[in-house]
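Report on the following structure.
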Protein chains: 2
Amino acid sequence: MSPNLDRTFAALADPTRRAILARLALGQASVTELAEPFAISLPAISRHLKVLERAALISRAAEGQFRPCALTADPLRQASDWLDHYRQFWNQSLDRLAEHLERTTPKEGPRHDRPNRRRPSPGRNRN
Amino acid sequence: MSPNLDRTFAALADPTRRAILARLALGQASVTELAEPFAISLPAISRHLKVLERAALISRAAEGQFRPCALTADPLRQASDWLDHYRQFWNQSLDRLAEHLERTTPKEGPRHDRPNRRRPSPGRNRN
DNA sequence: CTTTTATTTAACCTATTGGTTAAATAGTCG
DNA sequence: CGACTATTTAACCAATAGGTTAAATAAAAG
């Protein structure tokens, strides 16, 4: 049905790959640079990059002997769009939780409640 | 590191499971009800549900001989929160795309089309 | 030309995934 | 009780994932 989302979510399911994306959010990096923080071998990194590339989460250039990677955000936006379909549902859950806390907790100082730091309803501006 | 996100994204990587979640967004359902739209066997559905349950994306009750499933939105919120870190990035990408289109669409600007073996796909992915 | 650096491919291993069918478990009902 | 319904477990299978080490390729440097 949607192999795009399949690949995107599958790619995001690995902590190494998420860390790589986090690193790339700071800017381009070569394979060796990306591999540096990890305890795994370079071929393993290379295959993680291939997974990310196949999911279109990164793009790669050829600069001399380097193959710098850059983040491609669009699949992330697609994934976020899919999740947005459920936003009202979890807001509703949080409302119920807040309501519950309201009923059960008198006034014992500020608990760990952050009232809707997001936009309240699915309508949002994301140009 | 974050087995929560690992499991959430891994669970979301399967189209059958995403469809199950979409169905559950409409309300509780039994295993048989959930299985009905799919061409796969009931044990297969049962294991998909186990994956969703392990990822805390659904919760299950025991009502007589039924084990109704209900959506648990919190992991979806966590996943969305993770993706949010990249929101500014893809907004920025869209800005760059708009800028690029602005530059290239009206008149023909100079093409720096170097004879690279592999070109980084700058815009859309092709699948 | 030879060596070094960057990266990928090959070959292999083990664990997990997603599916199957057959059997087991558990609750409902005539 | 005995049969029917709902769901899970068991046993199996093929494909994929994620890791390894060793070797291959490509560009840069000496």
Side-chain angles (χ1 to χ4, degrees), chain A residues 1-21 23-24 27-70, chain B residues 1-21 23-24 27-55 57-70 114-120:
Chain A
M1 273 212 171
S2 179
N4 279 7
L5 273 183
D6 286 14
R7 285 182 190 143
T8 301
F9 282 130
L12 295 180
D14 185 279
T16 301
R17 288 194 291 262
R18 287 199 305 278
I20 288 174
L21 292 180
R23 165 63 186 82
L24 288 178
Q28 275 202 338
S30 72
V31 176
T32 316
E33 283 169 353
L34 289 173
E36 196 270 328
F38 302 105
I40 64 181
S41 68
L42 217 41
I45 296 290
S46 185
R47 293 212 315 197
H48 278 306
L49 293 177
K50 193 171 290 184
V51 171
L52 291 170
E53 191 177 16
R54 188 170 158 77
L57 281 162
I58 65 172
S59 61
R60 319 195 62 177
E63 291 179 5
Q65 63 198 133
F66 300 91
R67 304 281 314 280
C69 304
Chain B
M1 284 202 176
S2 180
N4 280 6
L5 274 182
D6 286 15
R7 285 182 189 143
T8 301
F9 282 130
L12 296 180
D14 185 280
T16 301
R17 289 194 290 263
R18 288 199 305 276
I20 288 174
L21 292 180
R23 165 65 186 79
L24 288 178
Q28 276 202 338
S30 73
V31 177
T32 316
E33 282 168 353
L34 289 173
E36 196 270 329
F38 302 105
I40 63 181
S41 68
L42 216 41
I45 296 291
S46 186
R47 294 211 316 197
H48 279 306
L49 293 176
K50 193 171 290 186
V51 171
L52 290 169
E53 191 177 19
R54 189 169 157 77
L57 281 163
I58 66 172
S59 61
R60 318 194 61 176
E63 290 178 7
Q65 61 198 132
F66 300 90
R67 306 281 314 279
C69 305
R114 305 184 300 269
N116 277 351
R117 305 184 291 110
R118 300 186 189 163
R119 298 189 303 168

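Side chains are part of it too, since the values below use all heavy atoms of this structure and drop only hydrogens, waters and symmetry mates. All chains are named by letter (A, B, ...) in the order of the sequence lines, taking the proteins before the strands, and each is independently numbered beginning at 1.
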Review point. Mapping A/Ala10 and A/Glu63 to their closest nucleotides on DNA chain D, which lands nearer the 5' end?
Key: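 In this pair, the answer is A/Ala10.
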Output the rounded distance in Å from [atom1] ([X]) to [atom2] ([N]).
X	N	atom1	atom2	result
B/Phe38	C/dT20	CZ	C1'	18 Å
A/Phe66	C/dA6	CZ	P	5 Å
A/Arg47	C/dC12	CZ	P	14 Å
B/Asp6	D/dA17	CG	P	15 Å
B/Ile45	D/dA6	CD1	P	15 Å
A/Leu49	D/dG18	CG	P	13 Å
B/Asp14	C/dT16	CG	C1'	14 Å
A/Gln28	C/dA6	CD	P	16 Å

Listing time: all N or O pairs from protein to nucleotides 21-25 of chain C that are below 3.5 Å?
none

Review point. Would you say B/Arg67 and B/Leu49 make side-chain contact, with heavy atoms under 4.5 Å?
Key: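 The answer is no; the side chains never approach within 4.5 Å.
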Hey, is the side chain of [X] poking within less than 4.0 Å of OP1 or OP2 on [N], counting only N and O atoms?
X	N	value
B/Arg67	D/dT8	yes
A/His48	D/dA17	no
A/Ser46	C/dT8	yes
B/Lys50	D/dT7	no

Side chain of [X] only, heavy atoms from C-beta on: which candidate in [options] is closest?
X	options	answer
B/Arg60	C/dA6, D/dT8, C/dG19	D/dT8
A/Ser30	C/dT7, D/dT20, D/dT7	C/dT7
B/Val31	D/dT8, C/dA6, C/dG18	D/dT8
A/Arg17	C/dG19, C/dT8, D/dG18	D/dG18

Practice item. Among A/Leu21, A/Leu34, A/Ile40, find the one that has a side chain to side chain contact (heavy atoms under 4.5 Å, CB included) with A/Thr16. Key: A/Ile40
Review point. If you take atom types as modelled and just measure distance, does the side chain of B/Gln65 reach the base of D/dT5 with a donor-acceptor pair under 3.5 Å?
Key: yes
Rounded distance [0.5 Å steps], [atom1] in [X] versus [atom2] in [Y]:
X	Y	atom1	atom2	result
A/Gln28	A/Ile58	CD	CD1	11.0 Å
B/Arg23	B/Glu36	CZ	CD	10.0 Å
B/Ile20	B/His48	CD1	NE2	6.5 Å

Point to revise | Partners meeting side-chain contact (heavy atoms from CB on, under 4.5 Å) with A/Ser30 (sequence neighbours left out) | key: A/Thr32, A/Glu33, A/Phe66
**Study point:** side-chain contact (heavy atoms from CB on, under 4.5 Å) involving B/Val51 - partner list, sequence neighbours excluded
**Key:** B/Ala11, B/Arg17
Check your understanding: Checking side-chain contact (heavy atoms from CB on, under 4.5 Å) for the pair A/Arg7/A/Leu57: CA distance, chi angles, key distance, verdict?
Key -> CA-CA 9 Å; A/Arg7 285 182 190 143; A/Leu57 281 162; over 6 Å; no
